[in-house]
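Okay, so here's the structure we're looking at.
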Amino acid sequence: MDALVERVTAWFADAARDLPWRAPDRTPWGVLVSEVMLQQTPVVRVEPVWREWMGRWPSPADLAAAPTPEVLRAWGRLGYPRRALRLADCARAIVERHGGAVPSDEEALRALPGVGEYTAAAVRAFAFGRRAVVVDTNVRRVQARTVTGDALPAPSYTAAERRLATSLVPDGDTDAAAWAAASMELGAVVCTARVPRCDACPVRDLCAWRLAGFPPDEHAHRRRTQSWDGTDRQVRGRVMATLRGADGPVPRALLTDAGPEAQLDRCLAGLVEDGLAETDDAGRFMLPV
DNA sequence: GATGCGTGGGA
DNA sequence: TTCCCAAGCAT
């Protein structure tokens with residue numbers, strides 16, 4: 001197991017992508033912002049938004065004071081706009097609870113809006129260089145293949161995976177943080193889900209999945225292909241795109257292209273409920289002030 | 001523990 | 001074209 005960690009870490013020292021939230025002048029806040037934006041959203045789409053965002057709101061206090069419509073417009077088309085609201089809530093919580101400085105304690109991080117097990121660990125490791133068990137979808141896949149010998153991890157994160165991940169993390173802060181970054185990077189650029197680049201892998205000779213002859217994914221039948229066409233998500237996305245692009249309040253009549261009447265009303269109510277939209281006295285819709 | 005939640009690009 | 005899926009979280 002040591003060889004796995006050492007070699008992946010050594011590989012990373014050379015192969016790491018040059019990302020702005022990894023720059024020497026990065027801040028804990030910048031790291032936190034990147035982690036939230038990267039929740040289910042690819043690096044290539046996050047990078048330009050992150051740069052714009054950090055130029056505009058370089059500290060938690062800056063974002064805490066930002067008007068919500070500007071926050072939602074700056075979030076743009078990253079997807080899951082509730083993350084933008086939570087990030088603003090998170091900024092306010094950091095100001096109120098921590099004097100405007102991102103905490104390094106994992107429990108305090110976990111208590112922030114939009115920060116779960118993964119993000120708290122990632123911020124601790126990447127922003128503060130401290131030891132943490134950082135397990136994202138990349139790490140799960142790398143573990144599943146190199147150690148367990150499976151093509152892909154189970155659909156949901158298991159206790160066994162957490163135990164294995166914990167056992168792999170080196171003792172010291174520096175080594176642990178390096179392993180976190182390296183294992184994620186390997187999964188992101190080499191040990192990819194669809195077409196892994198095994199010839200570029202630093203640990204192909206010890207990979208349990210390869211040594212077993214690349215057995216197929218045993219969970220394939222359980223991986224539900226998430227339908228998209230006609231979903232509330234699609235309708236909500238269309239409504240939000242319209243509201244972001246509008247200068248002022250939008251009459252409901254201008255939103256009917258988003259979906260069937262009943263579904264539209266359900267989605268509008270949901271967006272208001274979620275704090276992503278508001279109505280005025282005339283019943284028009286807009287981004288929440 | 002299962003669901004709901006956006007979006008766009010690559011195979 | 002269709003399908004898959006990308007640094008998860010909250011409920």
Side-chain angles (χ1 to χ4, degrees), chain A residues 12 16-17 19-22 30-50 72 75-87 89-90 109-127 132-142 151-159 165 177 180-189 191-197 217 219-220 222-244 258-259 263 266-267 270-271 273-277:
Chain A
F12 178 72
R17 288 169 296 175
L19 301 170
W21 45 85
R22 288 176 177 168
V31 172
L32 175 50
V33 170
S34 79
E35 291 302 336
V36 173
M37 289 183 173
L38 287 163
Q39 291 166 3
Q40 303 281 279
T41 303
V43 167
V44 287
R45 284 168 46 206
V46 165
E47 190 167 344
V49 177
W50 183 90
L72 289 171
W75 191 260
R77 307 186 67 81
L78 284 184
Y80 297 139
R82 293 191 294 193
R83 289 183 294 162
L85 296 183
R86 293 202 188 105
L87 187 52
D89 288 340
C90 177
L109 285 164
R110 273 297 313 249
L112 297 171
V115 176
E117 179 176 349
Y118 161 76
T119 302
V123 169
R124 181 159 169 81
F126 304 147
V133 182
V134 183
V135 186
D136 73 331
T137 188
N138 291 304
V139 175
R140 293 185 62 214
R141 188 172 53 249
V142 167
L152 291 170
S156 54
Y157 188 38
T158 66
S183 54
M184 286 177 59
E185 190 81 347
L186 187 71
V189 306
C191 195
T192 54
R194 214 76 77 78
V195 186
R197 301 174 47 213
D217 173 23
H219 303 286
R222 284 193 51 209
R223 294 184 200 285
R224 57 184 297 110
T225 83
Q226 56 174 11
S227 53
W228 170 252
D229 213 48
T231 60
D232 283 7
R233 273 150 105 164
Q234 184 183 44
V235 173
R236 287 167 57 106
R238 287 172 177 157
V239 169
M240 288 303 294
T242 299
L243 297 187
R244 282 196 306 268
Q263 187 181 23
R266 179 172 70 241
C267 289
L271 289 170
E273 174 71 20
D274 290 345
L276 287 165

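Here is the naming used below: chain letters follow the sequence lines, and residue numbers restart at 1 for every chain.
- To the nearest angstrom, P of dT7(B) lies 21 Å from CD of Glu47(A).
- Following rounding to the nearest Å, Leu276(A) (CG) and dT7(B) (C1') show an atom-to-atom distance of 15 Å.
- Contact annotation for Ala122(A): no contact, since no heavy-atom pair falls under 4.0 Å across all strands.
- Picking from dA11(B), dG6(B), dG8(C) the nucleotide with the shortest atom distance to the side chain of Asp136(A) gives dG8(C).
- Note on Gln234(A): nothing from the nucleic acid sits closer than 4.0 angstrom, heavy atoms only.
- Screening Arg124(A), Gln39(A), Arg110(A), Glu35(A) for a side chain to side chain donor-acceptor pair (under 3.5 Å) with Thr119(A), the sole residue that qualifies is Gln39(A).
- Under a 4.0 Å N-O distance rule, the pair Arg22(A)/Glu185(A) qualifies as a salt bridge.
- Side-chain proximity of Glu35(A) to dC5(B), dC5(C), dA7(C): nearest is dA7(C).
- With hydrogens and angles ignored, a donor-acceptor pair under 3.5 angstrom links the side chain of Thr41(A) to the base of dG6(B).
- Summarising the geometry, the separation between CG on Leu186(A) and P on dA6(C) is reported as 14 Å, rounded to the nearest angstrom.
- Across dG6(B), dC4(C), dA7(C), the shortest atom-to-atom separation from the side chain of Arg194(A) is found for dC4(C).
- For the P atoms, the distance linking dG8(B) with dC9(C) amounts to 23 Å, nearest Å.
- Contact annotation: Thr119(A) side-chain N/O to dC9(C) OP1/OP2 distance is under 4.0 Å.
- Proximity of Val133(A) to Glu117(A): side-chain heavy atoms (C-beta onward) are nowhere separated by under 4.5 Å.
- Arg233(A) contributes no side-chain N or O that forms a donor-acceptor pair with the base of dT7(B) under 3.5 Å.
- In this structure, the nucleotide among dG9(B), dA6(C), dC9(C) sitting nearest to the side chain of Gln39(A) is dC9(C).
- Look at OH on Tyr157(A): it is 21 Å from P on dT3(B), rounded to the nearest Å.
- For Arg244(A), a side-chain nitrogen or oxygen approaches OP1 or OP2 of dT7(B) to under 4.0 Å.
- Closest to the Pro42(A) side chain, of the nucleotides dA6(C), dG6(B), dA2(B), is dA6(C).
- Here dA7(C) is the nucleotide among dC5(B), dG6(B), dA7(C) with the atom lying nearest to any side-chain atom of Met184(A).
- In this structure, Leu32(A) reaches neither bases nor backbone, as no heavy-atom distance under 4.0 Å exists between it and the strands shown.
- Across all strands shown, Arg45(A) has heavy atoms under 4.0 Å from base atoms, whether or not it also approaches the sugar-phosphate.
- Heavy atoms of Thr231(A) sit nowhere under 4.0 angstrom from any nucleic acid atom.
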- prompt: Could you walk me through whether Leu87(A) and Trp75(A) pass the side chain to side chain contact (heavy atoms under 4.5 Å, CB included) check?
  reply: CA-CA 10 Å; Leu87(A) 187 52; Trp75(A) 191 260; 4.2 Å; yes
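- Contact annotation: the side chain of Leu271(A) approaches that of Val239(A) to within less than 4.5 Å [non-hydrogen atoms, C-beta and beyond].
- Counting non-hydrogen atoms under 4.0 angstrom, Val43(A) reaches a base of the nucleic acid.
- Summarising the geometry, the separation between CH2 on Trp228(A) and P on dC3(C) is reported as 15 Å, rounded to the nearest angstrom.
- At dG6(B), none of the side-chain N or O atoms of Arg238(A) fall inside 4.0 Å of OP1 or OP2 (strictly under the cut-off).
- Taking for each of Gly76(A) and Arg86(A) the nucleotide of DNA chain B with the nearest heavy atom, the 5'-most of the two is the partner of Arg86(A).
- Between Arg233(A) and Tyr80(A), the side chains place a donor N or O and an acceptor N or O closer than 3.5 Å (distance only, hydrogens not considered).
- Proximity of Asn138(A) to Leu186(A): side-chain heavy atoms (C-beta onward) are nowhere separated by under 4.5 Å.
- Judged by closest nucleotide on DNA chain C, Glu185(A) is the one of Val115(A) and Glu185(A) placed further toward the 5' end.
- Following rounding to the nearest Å, Asp217(A) (CG) and dC4(C) (P) show an atom-to-atom distance of 11 Å.
- Between the P atoms of dA7(C) and dA2(B), the separation comes to 22 Å (whole Å).
- The separation between Arg266(A) atom CZ and dG4(B) atom P is 11 Å, rounded to whole Å.
- Checking dG8(C), dG8(B), dC5(B) against the side-chain heavy atoms of Arg77(A) singles out dG8(B) as nearest.
- Comparing the same atom, C1', in dG6(B) and in dC4(C) gives a spacing of 15 Å after rounding to whole Å.
- Using a 4.0 Å heavy-atom cutoff across all strands shown, Trp75(A) reaches no nucleic acid atom at all.
- When the C1' atom is used for both dA6(C) and dC5(B), the distance is 14 Å, rounded to whole Å.
- Distances shorter than 4.0 Å separate none of the side-chain N or O atoms of Arg83(A) from OP1 or OP2 on dG8(C).
- Taking atom CG of Leu85(A) as the reference point, atom C1' of dC9(C) lies 14 Å away to the nearest angstrom.
- Among the protein residues, Arg17(A) comes within range of the nucleic acid bases, having at least one heavy atom under 4.0 Å from a base atom.
- Annotation: side chain of Val135(A) is in contact with side chain of Tyr157(A) (closest heavy-atom distance under 4.5 Å).
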